[in-house]
Amino acid sequence: MSNDAATATTPETSGTEQEQPAHGLGASLSSADARAKAEGTFPYAADLWAEGLLWASILRSPHAHARIVSIDTSAAAAMPGVRAVVTHADIPGDTAHGRTVADRPVFASDLVRHHGEPIAAVAADHPDTARLAVAAIAVEYEVLEPVTDPEKAFAAEPLHPDGNVIRHIPLRYGDPDITGEVVVEGVYRIGRQDPAPIGAEAGLAVPRPDGGVEIYTASTDPHTDRDLAAACFGLEPDRVKVVVTGVPGATGDREDTGFQLPLGLLALKTGCPVKLAATREESFLGHAHRHPTLLRYRHHADAEGRLVKVEAQILLDAGAYADASSESLAAAVAFACGPYVVPHAFIEGWAVRTNNPPSGHVRGEGALQVCAAYEGQMDKLAAKLGVDPAELRLRNVLATGDLLPTGQTVTCPAPVAELLRAVRDFPLPALPVDTPEDEWLLPGGPEGAGEPGAVRRGVGYGVGMVHMLGAEGKDEVSTATVKVHDGVATVICAAVETGQGFSTLARQIVQETLGVEEVHVASVDTDQPPAGPATHGRHTWVSGGAVERAAKMVRTQLLQPLAHKFGMSTELLQIADGKITSYDGVLSTTVTEAMDGKELWATAQCRPHPTEPLDENGQGDAFVGLAFCAIRAVVDVDIELGSVRVVELAVAQDVGRVLNPRQLAARIEAGVTLGVGAALTENLRTTRGVIRHPDLTGYALPTALDAPDIRIVKLVEERDVVAPFGAKAAGAAPVVASPAAVASAVRAATGRPVSRLPIRPQAAVVTP
């Protein structure tokens, strides 16, 4: 990213301007482990070691669909150095697992339903021995015809006992017979994006003397992982402990237990610690990806461009197993019309099983796919009416008090018009200069084959929305404990730091509430009360809320004796910079003096207001809160070669409250870059269900050289009154909006429809 992009860290805000504090909420406090991570000394799961360590390797299916005729492990078991081989027959408990639906086998026993499905696992005294032993396992397959087209899954033979349709959501809102004066239609396809974490999956399982096991891994939901593991191992949950190691990046991929369960089984069978460090190929084969999606849309509008009705069909390819497809579909259907007022909407959504790689949580799931489609429709409508694309959107934007097509009232701040105007009015970047020194400005990059005369510039818009926390009646709760002793505070909470900044936020909350500058956040394991998964901005809201409540309880314990002594209420005392003072200045002491050697502690929970499932017509108050983002993309397109260069992305976001300016800017920039990858390069391609290039040479991630200038032009700080601190989730909304914005800009540059993501070169070529 260029130095220009770094200026995006000081955006305009719509809140009250004030000097940034040194610590507490609103400060750009650095992560406590930032130095260790920068220097490469921070311990991740791949760095773990134990005395008597064995190494694990997993045998995976080379086929997308096959019947297993036989499995012969005798040759592998007889190899020198091999300590154990496990298959489905060695599982003492539940043979299937899944966070929502337990439909995925730990090891395939009769059928293989996707490429890379686990068949067996080996523990050996050397990693090479483990891999050789896996290769020696003889599996006889009867290869079956894979179902790879989700449209054909409806009529295909059932791929699973639960059937091929995981969920169908029909949304009915308004009058089905009403029509608009202007109608536009479109068909859109979204590709399979891989989370591609910087560190591949790894873990260490250590058997315990009581017959249990401890699993050290980069889990993002350790208590659910523990419960799934205990069920698989045939143990009570208190005999399985999950310890969270450093998480080397997570956009949802860390939620798959398929790597952890074989580890625990091998450790229990051998009585030795067992370690697994996945290769990049194993990582691609093992974890879930973004749902490939087919979308058909019809928009009706009046002569002024105001939306009348939206009709859509949304088909999510779930791959072989259910995973998070049900909730991804709910988000896709609920947000199918986007952050626009639509008085009549009729949406049909399906998530179906195929023999393609499994799909699951990837940031902005469901919402990203429909955003690309409905924004494509808004561009078509603007072109047909001859209206500026930004103006057309402004005529339709959602605001607080409006209704979603699900019938839910938008009660949270929804400053969509303000966000869109901010990016529209931000100055455009300068045009490139046609000189040899500036050849890098061509879409083809340095030494590119393009000619400056073939380059066209385009400007486009993407306006996205996401929900925060779980949805459809999911019970969201987190527990936290705050302890203070000798001027040092400790936070104990099972909220996993995945890069979203929760550990830093927890320190800031305690600093703000108790005036204690030195705050430590304890490492996470399942001996602590559960805090839930690290998705949808949960930990900022739920876990941050629990930390705040616990800190306020400690604050009351600290201030009550002083208030009683001076005959005043605790509300008349304030804590700042480690000092306690009264409103009238009579009392002035330090926090350390007031503690007088005591240890104070409190435990608290945070549980947001309940939601409800969507009913048979897709109606219901399904979401706790919403967040919005508007992005203007500027691209240069070589219309002869079809190559695209993203010049600049201007971002305006609804954040509720800025809790850590530097951290927030990093989250937005990372989200935008992830979206650019989905727009231009990232597509995990398959042939008959088999992943073609499961590596980082065949899967094109955007690098620092590909990242455009990202201008965070406005952060709207309109606090959500039901959220702790008033803050909103920050990471997902820019992921959702940026691919749509890039596609919109390419349409503007080329005049082509651009209905597929990632954008293929042929889609951007303009023939004479």
Worksheet entry | Which residues share a ring pair (Phe, Tyr, Trp, His ring centres under 6.0 Å) with Phe284, sequence neighbours left out | Tyr699

Worksheet item: Hey, is CZ on Arg35 packed in by over 12 heavy atoms from elsewhere, all under 6.0 Å?
Response: no

Worksheet item: Got a sec, which pairs hit salt bridge (Lys or Arg N to Asp or Glu O under 4.0 Å) with one end in residues 476-503, sequence neighbours left out?
Response: Glu476-Arg538

Worksheet entry | Minimum heavy-atom distance between Leu573 and Met568, given as atom pair plus value | CD2-SD, 3.5 Å

Discussion item. Is the shortest side-chain heavy-atom distance between Val651 and Val713 below 4.5 Å?
Written reply: no

Item to complete: Spell out, as yes or no, whether a donor-acceptor pair under 3.5 Å connects the side chain of Asn660 to the backbone of Leu29.
Response: yes

Practice prompt. For Ala277 and Ala202, work out which heavy atoms get closest and say how close.
Written response: CA-CB, 4.1 Å

Discussion item. Would you say that more than 12 heavy atoms from the other residues, nucleotides or ligands in this model lie under 6.0 Å from the CD of Glu472, or not?
Written reply: yes

Worksheet, complete the sentence: Sequence neighbours excluded, the answer for salt bridge (charged side-chain N to carboxylate O under 4.0 Å, His left out) partners of Asp47 is none

Worksheet item: Partners of Lys579 by salt bridge (charged side-chain N to carboxylate O under 4.0 Å, His left out), sequence neighbours excluded?
Response: none

Worksheet item: Between the side chain of Lys728 and the main-chain N/O of Leu626, is any donor-acceptor distance below 3.5 Å?
Response: yes

Distance-only donor-acceptor hits, side chain of residues 261-268, under 3.5 Å, sequence neighbours excluded:
none

Worksheet item: Can you tell me if CD on Glu236 sees more than 12 non-hydrogen neighbours from other groups inside 6.0 Å?
Response: no

Worksheet item: Is a side-chain donor or acceptor of Glu512 paired with a backbone partner of Leu25 at a separation under 3.5 angstrom?
Response: yes

Worksheet item: Under the 3.5 angstrom rule, does the side chain of Arg719 hit a backbone N or O of Arg657 as a donor-acceptor pair?
Response: no

Discussion item. Check whether Glu201 reaches the backbone of Arg280 with its side chain - one donor and one acceptor, N or O, closer than 3.5 Å.
Written reply: no

Worksheet item: What pairs with His536 under ring pair (Phe, Tyr, Trp, His ring centres under 6.0 Å), at least two apart in sequence or on another chain?
Response: His361, His467

Worksheet item: When Val676 is tested against each of Val735, Leu649, Ile710 for side chain to side chain contact (heavy atoms under 4.5 Å, CB included), which residue passes?
Response: Leu649

Worksheet item: Is any side-chain heavy atom of Val242 less than 4.5 Å from a side-chain heavy atom of Tyr216?
Response: no

Worksheet item: Between the side chain of Lys241 and the main-chain N/O of Thr526, is any donor-acceptor distance below 3.5 Å?
Response: no

Item to complete: Indicate yes or no for a side-chain donor-acceptor contact from Gln500 to the backbone of Thr498 under 3.5 Å, with no hydrogens or angles considered.
Response: yes

Worksheet item: Does Leu659 reach the side chain of Leu664, with side-chain heavy atoms less than 4.5 Å apart?
Response: no

Discussion item. Test your reading of the model: is there a side-chain donor-acceptor pair from His485 to the backbone of Leu600, 3.5 Å cut-off?
Written reply: no

